Amino acid sequence: MTVRVRFAPSPTGFLHVGGGRTALYNWLFARHHGGALVLRSDDTDAGRSTDEFRSDILESLTWLGIDWDEGIEVGGPHGTYRQSDRFHRYREVAETLVASGAAYYDEATPEDLQAMRDDAARAGASPVYDGRHRLSEIDAAARIEAGDAPPVRFAVSRPGETRFEDAVRGEVVFDHTNVDDFVILRGDGSPTYHLASTVDDVDYGITHVVRGEDILSSTPKHILITKAMGAGLPIYGHLSLLNGPDGKKLSKRHGDTAIRAYREAGYLSQAVVNFLAILGWSPGEDEEIVSLEEMVTRFDLGSVSKNPAVFDTTKLEWMNGVYIRAMDVAEFSDQARPLIEEDLGRPLDDAEISALGSIAPLVQERAKLFTEVAPMVRFLFVGEVAYDEWSWEKVMSTPEAGVALQGAQAALAAAEWSVEGVEAALRAMLDEHGLSARKGLQPLRVALTGSSVSPPLFESIVALGREAAVARFRRALESI
RNA sequence: GCCCCCAUCGUCCAGCGGCCUAGGACGCCGGCCUUUCAAGCCGGUAACACGGGUUCGAAUCCCGUUGGGGGCGCCA
């Protein structure tokens, strides 16, 4: 049997990190077993579903490196893969279920239901609706005839129980005294999530339903519908949810939760996908930096962690730095350039591009995020640098500052123009004035870059150019 | 209130009855390197929630408690 899994987001929001992880695990599972991933849009809620969200989900998945074999956009033998296009099919199944006695038309009002739940809470029992307002066939037919179709509920057999072997959690049992008779078709003829999702899983031949733990308690309902349809059951696997650093459900107040936010913040997709994979799963051994290919060969649903993970981006930042350093230098420059040009508000000319190229490797090993690059190299492309106040105070107040700035101008004027040449000239100047490297070079750094934190000094001087470097030392000296 | 799931360092993960005086990673702290900051290297800090069992032997199995999460919609 070929493995067929699905990722079925509702386009009611941007793809968030939890959804991205669920998609990733489905993808890894499919690829590991040489199976197929189906992407479907669970958009039965027309009011909240939008095209903007739908395309964000597609873009985010693609950015992460997750592709799908069937479904939205790529097509396949099952139509549009949008539930909003399949209402007729859900209705047809609902009617079949009514005909077979597995479901019934029901006239319980919201007030009836609420009253029952209140009674149950008082009695310390499960708040379960048992179908007491079930409509007779004749009454139901009359209501339908009158254009006032009542909702359809699934009849849960009581007494009874549903047990299944969850691929990540093991055996799970639900006694039917705790499972309601649930609505599968609303009064307006639209399907509920339980019906639509289950029918699609059956119709699309899904073999493994891998989804979030938030749906674990709904699984008995899905199993019951599947059985009533006379279909074989898929294997279910429920992934634990992601929490915020405070241990509470991950939400906006914990910071960015949308995948797109990480793309925009300068994260590399490989880092994000690697981080998401490690959050709740271990590739084995002690290695945590692992490529998608390696993940595919090692992935196993049974080894996915059962406990909820805290989404803490500290490690993601480190990991992003690892991936940045692993990049090809040219590729790094190419990706950084647009950000730098945006920061400057103008394109770089050829000389500047070459200057960028020369310090790129130095910046690459210092950046954790792409958004940090522009501030680090800005000094190369502006006429005058803005001095960081804290740096200036700390460095320029020493008596050595003036000596160094004065001496450096002469040293550079005479230096052979190479990193080695500049270093030799400056070190000779330091010796001549009896200055330590620390005391003598920091003023030059602040004068050159505006900050006491910068890429290595000699390389920076050479990249900037003799004229500009000397001018900056002169200006700083005058400003003391 | 009822049901389900979960429980190892601050965080993520390893451990699936003896190899555990509990391992790795991130973070944090210290050192080395060094023109700053990084990177790199070395070292350190820090956990089996609690209580009962089972067993010759429990982080590992069972029960309970506590804690956390999820669910209980004509939302998905």
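Labels below follow one simple rule: chain letters A, B, ... track the order of the sequence lines, proteins then strands, and each chain is numbered from 1. All values reported here derive from a predicted model rather than from experimental measurement.
Residue order along RNA chain B, read from the 5' end via each residue's closest nucleotide, puts A:Ala123 first among A:Val168 and A:Ala123. Taking for each of A:Arg153 and A:Glu423 the nucleotide of RNA chain B with the nearest heavy atom, the 5'-most of the two is the partner of A:Glu423.
Judged as a ring-ring contact (aromatic ring centres under 6.0 Å, His included), and not counting sequence neighbours, A:Tyr129 has no contacts. A search for side-chain contact (heavy atoms from CB on, under 4.5 Å) contacts involving A:Ala196 returns A:Thr44, A:Gln83, A:Tyr90, A:Pro191, not counting sequence neighbours. Here A:Ser157 pairs with A:His176 under the side-chain contact (heavy atoms from CB on, under 4.5 Å) rule; sequence neighbours left out.
Rounded to an integer number of Å, the gap from CG of A:Asp175 to C1' of B:rC3 is 10 Å. Going from atom CZ of A:Arg211 over to atom P of B:rC5 covers 16 Å, rounded to whole Å. Taking atom CD of A:Glu288 as the reference point, atom P of B:rC12 lies 12 Å away to the nearest angstrom. A:Leu276 has its CG atom 15 Å from the C1' atom of B:rU11, to the nearest Å. One can place CG of A:Asn320 at 15 Å from P of B:rC26, the figure rounded to the nearest angstrom. Summarising the geometry, the separation between CD1 on A:Ile57 and P on B:rA76 is reported as 15 Å, rounded to the nearest angstrom. As a whole-Å value, the separation of A:Leu239 CG from B:rC4 P is 21 Å. Between the C1' atom of B:rC5 and the OH atom of A:Tyr236 lies a distance of 17 Å, rounded to the nearest Å.
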Pair up each side-chain donor or acceptor in residues 107-114 of chain A with any protein partner under 3.5 Å, not counting sequence neighbours, and list the distances.
from     : atom 1 : to       : atom 2 : distance (Å)
A:Thr109 : OG1    : A:Glu111 : N      : 3.4
A:Thr109 : OG1    : A:Glu111 : OE1    : 3.3
A:Thr109 : OG1    : A:Asp112 : N      : 3.0
A:Thr109 : OG1    : A:Asp112 : OD1    : 3.4
A:Thr109 : OG1    : A:Asp112 : OD2    : 3.1
A:Asp112 : OD2    : A:Thr109 : N      : 2.9
A:Gln114 : NE2    : A:Asp118 : OD1    : 3.0

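The base of B:rG24 does not come close enough to the side chain of A:Glu287 for any donor and acceptor atom to sit less than 3.5 Å apart. For A:Lys315 and B:rC12, a side-chain-to-base donor-acceptor distance below 3.5 Å is present, hydrogens and geometry of angles not being considered.
A:Phe458 comes within contact range of at least one nucleobase, with a heavy-atom separation under 4.0 Å. Among the heavy atoms of the strands lying under 4.0 Å from A:Gly124 are primed sugar atoms or P, OP1, OP2 only; no base atom is included. At the heavy-atom level, A:Val152 lies nowhere under 4.0 Å from the strands shown.
Spacing between B:rC29 and B:rU45 at atom C1', rounded to whole Å, works out to 7 Å. Using C1' as the reference atom, B:rA59 and B:rC9 are 13 Å apart when rounded to the nearest Å. Taking the P atom of each, B:rC5 and B:rC62 are spaced 13 Å apart, rounded to whole Å.
With ring centers used as reference points, A:Phe275 lies under 6.0 Å from A:Phe311. Aromatic rings of A:Tyr193 and A:His222 (six-membered ring for Trp) have centroids within the 6.0 Å cut-off, being under it. A ring-centre distance under 6.0 Å is found for A:Phe299 and A:Tyr25.
A:Thr12 has no side-chain polar atom (N or O) that falls below the 4.0 Å cut-off from OP1 or OP2 of B:rA76. For B:rU35, one of the phosphate oxygens OP1 or OP2 lies less than 4.0 angstrom from a side-chain nitrogen or oxygen of A:Arg427.
Applying the Watson-Crick and G-U wobble criteria (two distances, each under 3.5 Å), B:rG1 pairs with B:rC72. Nucleotide B:rA46 forms no Watson-Crick or G-U wobble pair with any nucleotide shown, as no partner meets the under 3.5 Å limit on both distances. Across all strands shown, B:rC20 remains unpaired; no Watson-Crick or G-U wobble contact has both distances below 3.5 Å. Pairing of B:rU55, defined by two Watson-Crick or G-U wobble distances under 3.5 Å, is not identified with any nucleotide. For B:rU11, the paired base is B:rA25 (Watson-Crick or G-U wobble, both distances below 3.5 Å). Look at B:rC41: its Watson-Crick or wobble partner, with both distances under 3.5 angstrom, is B:rG31.
Distance from the side chain of A:His194 is smallest for B:rA76 among the nucleotides B:rA76, B:rC4, B:rU8. Picking from B:rC26, B:rA7, B:rC74 the nucleotide with the shortest atom distance to the side chain of A:Thr314 gives B:rC26. Comparing B:rC12, B:rA7, B:rA76 by their closest approach to the side chain of A:Ile278 singles out B:rC12. When each of B:rC74, B:rU35, B:rC6 is scored by its nearest atom to the side-chain atoms of A:Glu459, the top-ranked nucleotide is B:rU35. Between B:rC74, B:rC5, B:rA14, one nucleotide has an atom nearer to the side chain of A:Val172 than all others, and that is B:rC5. Minimum atom distance to the side chain of A:Asp312 is reached by B:rU11, of the listed B:rU11, B:rA76, B:rC4.
In this pair, A:Trp392 and A:Tyr387 present their aromatic rings tilted. The plane angle is within the 30 to 60° band.
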One character per nucleotide, please: for nucleotides 66-72 of chain B, 5' to 3', B when the base has a protein heavy atom closer than 4.0 Å, S when only the sugar-phosphate does, - otherwise. --SBBSB

Output one line per pair: protein atom, nucleotide atom from nucleotides 36-40 of chain B, and distance, for all N/O pairs under 3.5 Å.
from   : atom 1 : to       : atom 2 : distance (Å)
B:rU36 : OP1    : A:Arg438 : NH1    : 3.3
B:rU36 : O4'    : A:Gln442 : OE1    : 3.1
B:rU36 : O2'    : A:Ser452 : O      : 2.8
B:rU36 : N1     : A:Arg445 : NH2    : 3.3
B:rU36 : O2     : A:Ser454 : N      : 2.8
B:rU36 : O2     : A:Ser454 : O      : 3.0
B:rU36 : N3     : A:Arg445 : NH1    : 3.2
B:rU36 : N3     : A:Ser454 : O      : 2.7
B:rU36 : O4     : A:Arg366 : NH2    : 3.4
B:rU36 : O4     : A:Pro456 : N      : 3.3
B:rC37 : O2     : A:Arg366 : NE     : 2.7
B:rC37 : N3     : A:Arg366 : NE     : 3.0
B:rC37 : N3     : A:Arg366 : NH2    : 2.7
B:rC37 : N4     : A:Arg366 : NH2    : 3.1
B:rA38 : O2'    : A:Glu365 : O      : 3.2
B:rA38 : N1     : A:Glu365 : OE2    : 3.1
B:rA38 : N3     : A:Glu365 : OE2    : 3.4
B:rA39 : O3'    : A:Arg325 : NH1    : 3.2

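Using a 4.5 Å heavy-atom threshold, the side chains of A:Leu185 and A:Val98 count as separate.
Remark: the backbone N or O of A:Gly131 is not paired with any side-chain donor or acceptor of A:Asp106 at under 3.5 angstrom.
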Going through the checks in order, is the side-chain hydrogen bond (donor to acceptor under 3.5 Å, both in side chains) test met by A:Ser451 and A:Arg378? CA-CA 11 Å; A:Ser451 167; A:Arg378 185 153 49 210; over 6 Å; no

Dump the intermediate steps for side-chain contact (heavy atoms from CB on, under 4.5 Å) on A:Arg82 and A:Arg40, then the final yes or no. CA-CA 6 Å; A:Arg82 287 158 79 129; A:Arg40 142 185 129 202; over 6 Å; no

